[in-house]
Each structure stands twice: as C-alpha cells, then as structure tokens.
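Side-chain atoms are counted along with the backbone in the values below, which use heavy atoms only and exclude waters and symmetry mates.
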Amino acid sequence: MRTETHAAPVNDSAPGDGLVKAGVILFAVGAVATLVTVAPLFLGTDPFPTVAYTVSMLMGVGFLVAGAGVLRAIAAQRRQARGGPAAPVQAR
C-alpha cells in the first residue's frame with residue numbers, strides 16, 4: 001500500500017492567459033493570411049479578393065488581444081502584491 005497523498009489539481013492559469021492564447025492564434029491566422037496575400041506579388045499571378053486582405057488584419061487584432069491579456073495579468077499581479085482582494089478564479 002502506498003502512503004502517498006494525491007494533491008488536488010492546481011489551477012495555475014493566471015488572469016489574462018486566455019486572452020494571450022486567443023491573441024496568439026489570431027496573430028498566427030493573420031500572419032498566414034498576410035503571407036498568402038503577398039505571394040501573388042512575387043509569383044506574378046492575379047491578386048486575391050478583398051476578403052483575403054481583410055483576414056490579414058487579424059494579425060493586428062491578435063496583437064491587441066494578446067496585449068490586453070498581458071495588461072490584465074499585470075493588473076492582477078499588482079493587486080495581489082498590494083494585498084488587495086484576490087482575483088476571481090477563471091474556469092477552464
């Protein structure tokens with residue numbers, strides 16, 4: 001018989017982690033779309049429709065979303081350091 005005690009799973013995600021992950025995904029989709037829309041310039045083919053250029057703007061949106069997540073994490077860490085009210089626990 002083992003005498004080990006099993007600890008409960010720890011939720012180690014900080015506030016803003018979800019925003020950072022979503023921002024990275026949006027940034028990656030926008031970066032791929034940017035590469036795809038620039039490719040016809042080098043290949044000498046017809047350019048893509050306007051929708052492709054609109055999807056390219058997700059790169060900037062992803063950057064802003066990730067930045068908002070970082071700022072939210074910074075604010076939560078400052079509140080914790082000041083001894084303020086604990087940040088609410090996010091459900092996964």
Taken in chain and number order and not counting sequence neighbours, the residues that satisfy side-chain contact (heavy atoms from CB on, under 4.5 Å) with Phe63 are Phe27

- Return the set of residues passing side-chain contact (heavy atoms from CB on, under 4.5 Å) with Ala39 (not counting sequence neighbours), or none when no residue passes.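 Ala39 satisfies side-chain contact (heavy atoms from CB on, under 4.5 Å) with Leu43 once adjacent residues are dropped.
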
Heavy atoms of Pro40 and Pro47 approach each other most closely as CB-CA, 4.2 Å

Correct closest heavy-atom pair for Ala33 and Ala52 would be CB-O, 4.4 Å

Distance col, row Ile74:CD1 vs Arg79:CZ, nearest 0.5 angstrom, shows 12.0 Å

Margin query: What's the separation between atom CG in Leu19 and atom CG in Leu26, rounded to the nearest 0.5 Å?
Written below: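 Between atom CG of Leu19 and atom CG of Leu26 there are 10.5 Å.
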
Q) Phe48, Val29: one ILVMFWY side-chain cluster at the under-4.5 Å cut-off? A) no

Hydrophobic clusters here meaning ILVMFWY residues chained together by side-chain heavy-atom distances under 4.5 Å, can you tell me if Val55 and Val61 are in one? yes

Starting from Leu64 and following side-chain heavy-atom contacts under 4.5 Å between hydrophobic residues (I, L, V, M, F, W, Y), which residues can be reached?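 Its cluster mates, by chain and number: none.
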
